[in-house]
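One structure is given here, and the rest of the page talks about it.
Letters go in sequence order (proteins before strands), and every chain restarts at 1. From a predicted model like this one, the values you see are computed outputs, not experimental measurements.
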Amino acid sequence: MPELPEVQTTVSGLKSKVLNRTFVDVWTDTEKLFKNMSFGDFRKEIKNKKIKDIRRRGKNLIFELSEEYFLLVHLKMTGHFLYDECPPAGGQGQEDSMNRFIRARFFLDNDKVLALSDLRKFAKIELLKKEELDKELELLGPEPLEKDFTFEKFKKVLKKGKIKQILMNQNIFVGVGNIYADEILWQAEVHPEKNVLDLSEKELKKIYLATKDILLEALKFGGTSTSDYRNIEGGRGTFEKKLKAYQRQGQKCFRCGTIIKRKKIAQRGTHFCPTCQKL
DNA sequence: CAATCGTCCTGCGGGC
DNA sequence: TGCCCGCAGGACGATT
(Lines give C-alpha, C1' and ligand atoms only; values in the text may rest on other atoms or scores of the structure.)
Protein backbone atom coordinates (compact mmCIF):
# COMPACT_ATOMS: atom_id res chain seq x y z
CA MET A 1 0.00 0.00 0.00
CA PRO A 2 1.49 3.31 -0.96
CA GLU A 3 2.58 5.31 2.08
CA LEU A 4 4.82 8.38 2.15
CA PRO A 5 7.95 6.74 0.68
CA GLU A 6 6.01 5.09 -2.14
CA VAL A 7 4.03 8.23 -3.01
CA GLN A 8 7.20 10.33 -2.91
CA THR A 9 8.95 7.82 -5.19
CA THR A 10 6.00 8.05 -7.55
CA VAL A 11 6.11 11.86 -7.53
CA SER A 12 9.84 11.86 -8.32
CA GLY A 13 9.31 9.39 -11.15
CA LEU A 14 6.40 11.36 -12.57
CA LYS A 15 8.31 14.61 -12.40
CA SER A 16 11.10 13.12 -14.50
CA LYS A 17 8.63 11.93 -17.14
CA VAL A 18 5.51 14.06 -17.46
CA LEU A 19 6.39 17.56 -16.26
CA ASN A 20 5.29 20.16 -18.84
CA ARG A 21 3.31 17.56 -20.77
CA THR A 22 -0.29 18.30 -21.77
CA PHE A 23 -3.25 15.92 -21.41
CA VAL A 24 -4.71 15.05 -24.81
CA ASP A 25 -7.42 12.66 -23.64
CA VAL A 26 -8.34 10.16 -20.93
CA TRP A 27 -9.93 6.72 -20.89
CA THR A 28 -11.41 4.60 -18.10
CA ASP A 29 -13.47 1.47 -17.54
CA THR A 30 -14.01 2.38 -13.89
CA GLU A 31 -15.87 5.67 -13.82
CA LYS A 32 -16.37 5.57 -10.06
CA LEU A 33 -12.70 6.39 -9.51
CA PHE A 34 -13.60 9.94 -10.55
CA LYS A 35 -15.20 11.27 -7.43
CA ASN A 36 -16.08 14.93 -7.75
CA MET A 37 -17.60 15.06 -11.22
CA SER A 38 -18.85 12.64 -13.85
CA PHE A 39 -16.19 11.00 -15.96
CA GLY A 40 -17.69 12.75 -18.99
CA ASP A 41 -17.15 16.15 -17.41
CA PHE A 42 -13.69 15.15 -16.20
CA ARG A 43 -12.75 14.10 -19.73
CA LYS A 44 -13.91 17.42 -21.16
CA GLU A 45 -12.09 19.43 -18.49
CA ILE A 46 -8.75 17.61 -18.45
CA LYS A 47 -8.14 17.99 -22.18
CA ASN A 48 -5.48 20.54 -23.08
CA LYS A 49 -4.45 21.11 -19.48
CA LYS A 50 -0.70 21.22 -18.95
CA ILE A 51 1.16 19.65 -16.02
CA LYS A 52 3.05 22.53 -14.43
CA ASP A 53 4.18 20.81 -11.24
CA ILE A 54 3.73 17.57 -9.30
CA ARG A 55 3.95 17.28 -5.54
CA ARG A 56 2.91 15.18 -2.57
CA ARG A 57 0.86 16.04 0.50
CA GLY A 58 0.67 13.10 2.89
CA LYS A 59 -0.29 10.14 0.72
CA ASN A 60 -1.94 12.39 -1.88
CA LEU A 61 -0.46 13.15 -5.29
CA ILE A 62 -1.14 16.65 -6.57
CA PHE A 63 -0.67 17.63 -10.20
CA GLU A 64 -0.70 21.38 -10.60
CA LEU A 65 -2.28 22.11 -13.98
CA SER A 66 -2.71 25.13 -16.18
CA GLU A 67 -5.77 27.38 -15.74
CA GLU A 68 -5.38 27.02 -11.96
CA TYR A 69 -6.71 23.49 -11.82
CA PHE A 70 -5.34 20.66 -9.70
CA LEU A 71 -5.50 16.92 -10.27
CA LEU A 72 -5.69 15.21 -6.89
CA VAL A 73 -5.00 11.47 -6.78
CA HIS A 74 -5.06 9.16 -3.79
CA LEU A 75 -3.74 5.68 -4.57
CA LYS A 76 -5.35 4.12 -1.47
CA MET A 77 -4.21 0.50 -1.27
CA THR A 78 -3.40 -0.98 -4.63
CA GLY A 79 -3.15 2.02 -6.95
CA HIS A 80 0.02 2.89 -8.82
CA PHE A 81 0.91 4.90 -11.89
CA LEU A 82 2.70 3.40 -14.87
CA TYR A 83 4.36 5.58 -17.45
CA ASP A 84 4.36 4.21 -20.98
CA GLU A 85 2.66 1.00 -19.87
CA CYS A 86 3.38 -2.35 -21.50
CA PRO A 87 7.16 -2.07 -21.33
CA PRO A 88 9.14 -3.94 -24.03
CA ALA A 89 8.97 -7.72 -23.86
CA GLY A 90 11.11 -8.95 -21.01
CA GLY A 91 11.26 -5.45 -19.55
CA GLN A 92 10.91 -4.86 -15.84
CA GLY A 93 7.29 -5.21 -14.81
CA GLN A 94 6.11 -6.96 -17.94
CA GLU A 95 5.42 -10.29 -16.25
CA ASP A 96 4.08 -8.67 -13.11
CA SER A 97 0.33 -9.22 -12.77
CA MET A 98 0.09 -6.23 -10.46
CA ASN A 99 0.71 -3.99 -13.48
CA ARG A 100 -2.19 -5.41 -15.45
CA PHE A 101 -5.13 -3.84 -13.64
CA ILE A 102 -5.28 -0.71 -15.76
CA ARG A 103 -8.35 1.30 -14.76
CA ALA A 104 -7.50 4.63 -16.40
CA ARG A 105 -5.22 5.90 -19.15
CA PHE A 106 -4.11 9.50 -19.57
CA PHE A 107 -2.95 10.23 -23.10
CA LEU A 108 -0.18 12.81 -23.32
CA ASP A 109 0.97 15.17 -26.05
CA ASN A 110 4.18 13.16 -26.58
CA ASP A 111 2.12 10.08 -27.61
CA LYS A 112 2.94 8.38 -24.33
CA VAL A 113 0.38 7.05 -21.87
CA LEU A 114 0.22 7.54 -18.13
CA ALA A 115 -1.82 4.63 -16.78
CA LEU A 116 -3.32 3.92 -13.38
CA SER A 117 -3.26 0.28 -12.29
CA ASP A 118 -5.49 -0.44 -9.31
CA LEU A 119 -6.52 -3.98 -8.49
CA ARG A 120 -9.11 -3.06 -5.88
CA LYS A 121 -10.50 0.07 -7.54
CA PHE A 122 -10.22 2.16 -4.37
CA ALA A 123 -8.20 4.99 -5.87
CA LYS A 124 -9.57 8.52 -5.95
CA ILE A 125 -9.12 10.93 -8.87
CA GLU A 126 -10.43 14.49 -8.69
CA LEU A 127 -10.06 17.63 -10.75
CA LEU A 128 -10.30 20.63 -8.44
CA LYS A 129 -9.89 24.38 -8.20
CA LYS A 130 -7.43 25.72 -5.61
CA GLU A 131 -10.07 26.38 -2.93
CA GLU A 132 -11.55 22.88 -3.33
CA LEU A 133 -8.10 21.31 -3.13
CA ASP A 134 -7.25 23.25 0.03
CA LYS A 135 -10.53 22.23 1.58
CA GLU A 136 -9.93 18.53 0.87
CA LEU A 137 -6.49 18.64 2.42
CA GLU A 138 -7.14 21.02 5.30
CA LEU A 139 -7.46 18.37 8.00
CA LEU A 140 -4.14 16.70 7.21
CA GLY A 141 -1.47 16.93 9.89
CA PRO A 142 2.12 18.08 9.39
CA GLU A 143 4.71 16.40 7.15
CA PRO A 144 7.03 14.28 9.33
CA LEU A 145 10.07 14.73 7.07
CA GLU A 146 9.90 18.52 7.07
CA LYS A 147 12.66 20.26 9.04
CA ASP A 148 10.13 22.06 11.21
CA PHE A 149 8.67 18.74 12.41
CA THR A 150 10.62 18.91 15.64
CA PHE A 151 10.34 16.61 18.65
CA GLU A 152 8.39 19.37 20.40
CA LYS A 153 5.96 19.62 17.51
CA PHE A 154 5.61 15.83 17.39
CA LYS A 155 4.67 15.70 21.08
CA LYS A 156 2.27 18.59 20.64
CA VAL A 157 0.24 16.98 17.85
CA LEU A 158 -0.07 13.56 19.51
CA LYS A 159 -3.40 12.60 21.04
CA LYS A 160 -4.38 9.87 23.48
CA GLY A 161 -5.01 6.42 22.04
CA LYS A 162 -3.16 3.31 20.97
CA ILE A 163 0.14 4.48 19.52
CA LYS A 164 -0.20 2.43 16.33
CA GLN A 165 -3.57 3.99 15.58
CA ILE A 166 -2.17 7.44 16.31
CA LEU A 167 0.77 6.91 13.94
CA MET A 168 -1.63 5.97 11.14
CA ASN A 169 -4.02 8.86 11.78
CA GLN A 170 -3.42 11.33 8.94
CA ASN A 171 -4.92 14.19 10.95
CA ILE A 172 -2.11 13.95 13.53
CA PHE A 173 0.78 13.74 11.09
CA VAL A 174 0.77 12.35 7.58
CA GLY A 175 2.39 9.60 5.59
CA VAL A 176 2.46 6.54 7.85
CA GLY A 177 0.30 3.51 7.06
CA ASN A 178 0.24 -0.07 8.23
CA ILE A 179 3.68 -1.16 7.03
CA TYR A 180 5.69 1.74 8.43
CA ALA A 181 3.71 1.95 11.67
CA ASP A 182 4.85 -1.60 12.46
CA GLU A 183 8.43 -0.86 11.41
CA ILE A 184 8.61 2.37 13.43
CA LEU A 185 7.31 0.69 16.58
CA TRP A 186 9.67 -2.27 16.19
CA GLN A 187 12.63 0.07 15.88
CA ALA A 188 11.43 2.17 18.82
CA GLU A 189 10.77 -0.97 20.89
CA VAL A 190 7.25 0.13 21.79
CA HIS A 191 4.18 -2.12 21.91
CA PRO A 192 1.62 -1.03 19.28
CA GLU A 193 -1.25 -1.04 21.80
CA LYS A 194 0.51 1.17 24.32
CA ASN A 195 -1.46 4.32 25.01
CA VAL A 196 0.25 7.55 24.07
CA LEU A 197 -0.44 8.88 27.57
CA ASP A 198 1.60 6.03 29.06
CA LEU A 199 4.69 6.62 26.92
CA SER A 200 7.82 7.85 28.66
CA GLU A 201 9.81 10.80 27.31
CA LYS A 202 12.45 8.29 26.19
CA GLU A 203 9.90 6.19 24.30
CA LEU A 204 8.40 9.26 22.65
CA LYS A 205 11.84 10.32 21.50
CA LYS A 206 12.56 6.87 20.09
CA ILE A 207 9.26 6.85 18.16
CA TYR A 208 9.94 10.33 16.84
CA LEU A 209 13.44 9.43 15.65
CA ALA A 210 12.29 6.07 14.24
CA THR A 211 9.53 7.78 12.26
CA LYS A 212 11.97 10.05 10.46
CA ASP A 213 14.56 7.31 10.09
CA ILE A 214 12.26 4.59 8.72
CA LEU A 215 10.49 6.90 6.26
CA LEU A 216 13.78 8.32 4.96
CA GLU A 217 15.37 4.90 4.69
CA ALA A 218 12.34 3.46 2.86
CA LEU A 219 12.41 6.42 0.50
CA LYS A 220 16.09 5.76 -0.19
CA PHE A 221 15.21 2.21 -1.23
CA GLY A 222 12.29 3.26 -3.44
CA GLY A 223 9.60 2.07 -1.04
CA THR A 224 8.18 -1.34 -0.16
CA SER A 225 6.52 -3.68 -2.67
CA THR A 226 5.44 -6.59 -0.48
CA SER A 227 2.26 -6.99 -2.47
CA ASP A 228 0.94 -4.26 -4.69
CA TYR A 229 3.09 -1.13 -4.88
CA ARG A 230 5.13 -0.60 -8.06
CA ASN A 231 7.06 2.42 -9.30
CA ILE A 232 6.07 4.16 -12.52
CA GLU A 233 8.28 1.82 -14.55
CA GLY A 234 6.42 -1.15 -13.09
CA GLY A 235 9.36 -2.15 -10.91
CA ARG A 236 9.51 -2.91 -7.19
CA GLY A 237 10.87 -0.94 -4.29
CA THR A 238 13.57 -2.77 -2.38
CA PHE A 239 12.79 -1.77 1.20
CA GLU A 240 10.89 -5.04 1.69
CA LYS A 241 14.30 -6.68 2.21
CA LYS A 242 14.84 -4.32 5.14
CA LEU A 243 11.55 -5.00 6.93
CA LYS A 244 12.02 -6.03 10.55
CA ALA A 245 8.42 -6.61 11.61
CA TYR A 246 5.84 -6.24 8.85
CA GLN A 247 4.77 -9.67 7.56
CA ARG A 248 7.57 -11.36 9.53
CA GLN A 249 5.15 -13.23 11.81
CA GLY A 250 6.50 -16.65 12.73
CA GLN A 251 10.10 -15.57 12.05
CA LYS A 252 12.76 -14.63 14.58
CA CYS A 253 13.13 -11.06 15.79
CA PHE A 254 16.42 -9.69 14.44
CA ARG A 255 17.19 -8.20 17.88
CA CYS A 256 16.34 -10.94 20.36
CA GLY A 257 15.33 -14.04 18.44
CA THR A 258 11.78 -14.17 19.78
CA ILE A 259 9.17 -15.21 17.23
CA ILE A 260 7.44 -12.15 15.72
CA LYS A 261 3.75 -12.11 16.54
CA ARG A 262 0.82 -11.01 14.41
CA LYS A 263 -2.31 -9.60 16.00
CA LYS A 264 -5.25 -7.58 14.77
CA ILE A 265 -5.02 -4.13 16.36
CA ALA A 266 -7.45 -1.37 15.44
CA GLN A 267 -8.69 -3.62 12.59
CA ARG A 268 -5.22 -3.82 11.08
CA GLY A 269 -2.86 -6.75 10.87
CA THR A 270 -0.08 -5.78 13.28
CA HIS A 271 3.36 -7.36 13.58
CA PHE A 272 5.61 -6.95 16.60
CA CYS A 273 8.13 -8.64 18.86
CA PRO A 274 6.44 -9.60 22.15
CA THR A 275 9.80 -9.45 23.95
CA CYS A 276 11.25 -6.17 22.64
CA GLN A 277 7.89 -4.43 22.51
CA LYS A 278 6.29 -4.86 25.91
CA LEU A 279 2.91 -3.42 26.83
C1' DC B 1 -18.41 11.23 22.46
C1' DA B 2 -15.12 7.98 21.31
C1' DA B 3 -14.47 3.54 19.61
C1' DT B 4 -15.77 0.14 16.56
C1' DC B 5 -18.04 -1.53 12.46
C1' DG B 6 -19.33 -1.54 7.57
C1' DT B 7 -18.20 -0.19 2.92
C1' DC B 8 -15.73 -0.04 -1.26
C1' DC B 9 -13.20 -4.20 -4.35
C1' DT B 10 -10.94 -8.35 -6.22
C1' DG B 11 -7.10 -11.75 -6.35
C1' DC B 12 -5.34 -15.13 -3.82
C1' DG B 13 -4.47 -18.75 -0.36
C1' DG B 14 -6.13 -22.08 2.87
C1' DG B 15 -9.10 -25.71 3.85
C1' DC B 16 -11.81 -29.56 2.76
C1' DT C 1 -9.05 -31.02 -8.38
C1' DG C 2 -11.99 -27.47 -7.66
C1' DC C 3 -14.77 -24.60 -5.13
C1' DC C 4 -15.86 -21.46 -1.53
C1' DC C 5 -14.86 -18.65 2.16
C1' DG C 6 -12.35 -15.13 4.20
C1' DC C 7 -8.58 -12.06 4.30
C1' DA C 8 -5.89 -7.90 2.83
C1' DG C 9 -6.67 -2.63 4.06
C1' DG C 10 -6.95 3.65 3.52
C1' DA C 11 -10.29 6.51 4.57
C1' DC C 12 -14.72 7.75 5.61
C1' DG C 13 -19.45 7.35 6.98
C1' DA C 14 -22.65 4.87 10.07
C1' DT C 15 -23.58 2.98 14.30
C1' DT C 16 -23.35 1.80 19.16
Side-chain angles (χ1 to χ4, degrees), chain A residues 1-10 28-36 39 56-62 72-81 93 95-104 116-126 128 132-133 135-141 143-144 158-185 192-198 215 218 223-230 234 236-237 240 243 245-250 260-272:
Chain A
M1 54 229 81
E3 305 179 31
L4 187 151
E6 292 78 24
V7 179
Q8 187 64 49
T9 302
T10 300
T28 190
D29 65 353
T30 313
E31 300 202 1
K32 61 169 55 180
L33 299 183
F34 299 81
K35 304 288 184 187
N36 75 319
F39 175 69
R56 178 190 61 73
R57 177 73 177 97
K59 303 178 192 173
N60 296 275
L61 285 146
I62 302 164
L72 176 66
V73 179
H74 196 302
L75 300 169
K76 294 293 178 77
M77 293 172 9
T78 56
H80 58 275
F81 276 110
E95 300 303 319
D96 191 334
S97 70
M98 202 48 73
N99 293 328
R100 293 189 193 134
F101 304 101
I102 307 297
R103 311 300 187 194
L116 181 75
S117 179
D118 183 15
L119 188 157
R120 282 173 210 160
K121 302 182 176 179
F122 285 175
K124 175 176 86 171
I125 304 173
E126 291 179 324
L128 305 165
E132 300 170 311
L133 176 75
K135 189 157 190 214
E136 286 230 13
L137 303 180
E138 72 182 348
L139 292 179
L140 291 178
E143 289 284 341
L158 289 184
K159 291 190 171 69
K160 69 169 179 178
K162 293 174 182 174
I163 183 61
K164 165 145 183 178
Q165 210 168 0
I166 296 298
L167 289 179
M168 292 197 299
N169 183 341
Q170 303 301 297
N171 301 330
I172 293 176
F173 66 88
V174 296
V176 173
N178 205 37
I179 297 174
Y180 297 116
D182 285 1
E183 292 302 303
I184 289 164
L185 292 172
E193 287 183 290
K194 197 150 186 178
N195 194 298
V196 170
L197 299 177
D198 297 329
L215 292 177
T224 306
S225 296
T226 41
S227 61
D228 36 70
Y229 169 71
R230 301 295 182 269
R236 306 173 78 97
E240 60 189 294
L243 295 175
Y246 185 74
Q247 286 190 351
R248 291 201 66 250
Q249 67 272 24
I260 297 287
K261 198 172 160 183
R262 179 188 165 98
K263 182 186 178 188
K264 205 145 200 144
I265 295 173
Q267 343 290 6
R268 295 290 170 258
T270 300
H271 316 74
F272 63 102

Problem set entry | Short side-chain N/O contact from A/His74 to OP1 or OP2 of C/dA11, under 4.0 Å |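 For C/dA11, OP1/OP2 do have a side-chain N/O of A/His74 under 4.0 Å.
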
Would you please name every residue forming a side-chain contact (heavy atoms from CB on, under 4.5 Å) with [X], sequence neighbours left out?
X: A/Leu139; answer: A/Asn171
X: A/Arg103; answer: A/Asp29, A/Thr30, A/Leu33, A/Phe101, A/Asp118, A/Lys121
X: A/Lys135; answer: A/Glu138

[X] has an atom [atom1]; how far is it from atom [atom2] of [N], in whole Å?
X: A/Leu61; N: C/dA11; atom1: CG; atom2: P; result: 13 Å
X: A/Lys76; N: B/dT7; atom1: NZ; atom2: C1'; result: 11 Å
X: A/Gln249; N: B/dG14; atom1: CD; atom2: P; result: 12 Å
X: A/Glu126; N: C/dA11; atom1: CD; atom2: C1'; result: 13 Å
X: A/Leu167; N: C/dA11; atom1: CG; atom2: P; result: 14 Å
X: A/Arg100; N: B/dG11; atom1: CZ; atom2: P; result: 12 Å
X: A/Asp228; N: B/dT10; atom1: CG; atom2: C1'; result: 12 Å
X: A/Asn99; N: B/dT10; atom1: CG; atom2: P; result: 18 Å

Problem set entry | All ring-ring contact (aromatic ring centres under 6.0 Å, His included) counterparts of A/His271, not counting sequence neighbours |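 For A/His271 the ring-ring contact (aromatic ring centres under 6.0 Å, His included) partners, ignoring immediate neighbours, are A/Tyr246.
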
Exercise. Please, which pairs that meet salt bridge (charged side-chain N to carboxylate O under 4.0 Å, His left out) have at least one residue in residues 169-182 of chain A, sequence neighbours excluded?
Worked result: A/Lys164-A/Asp182

For this session: Apply side chain to side chain contact (heavy atoms under 4.5 Å, CB included) to A/Leu158 and A/Ile172, showing your working.
Result: CA-CA 6 Å; A/Leu158 289 184; A/Ile172 293 176; 4.3 Å; yes

Heteroatom pairs (N/O) under 3.5 angstrom, protein to nucleotides 5-9 of chain C:
unit_1	atom_1	unit_2	atom_2	d
C/dA8	OP1	A/Arg262	NH2	2.2
C/dA8	OP2	A/Lys264	NZ	2.5
C/dA8	O5'	A/Arg262	NH2	3.4
C/dA8	N3	A/Arg120	NH1	3.4
C/dA8	N3	A/Arg120	NH2	3.2
C/dG9	OP1	A/Asn178	ND2	2.8
C/dG9	OP2	A/Gly269	N	3.2
C/dG9	N2	A/Arg120	NE	3.1
C/dG9	N2	A/Arg120	NH1	2.9

Exercise. With sugar-phosphate meaning primed atoms plus P, OP1 and OP2, does A/Lys124 contact a base, only sugar-phosphate, or nothing at under 4.0 Å between heavy atoms?
Worked result: nothing

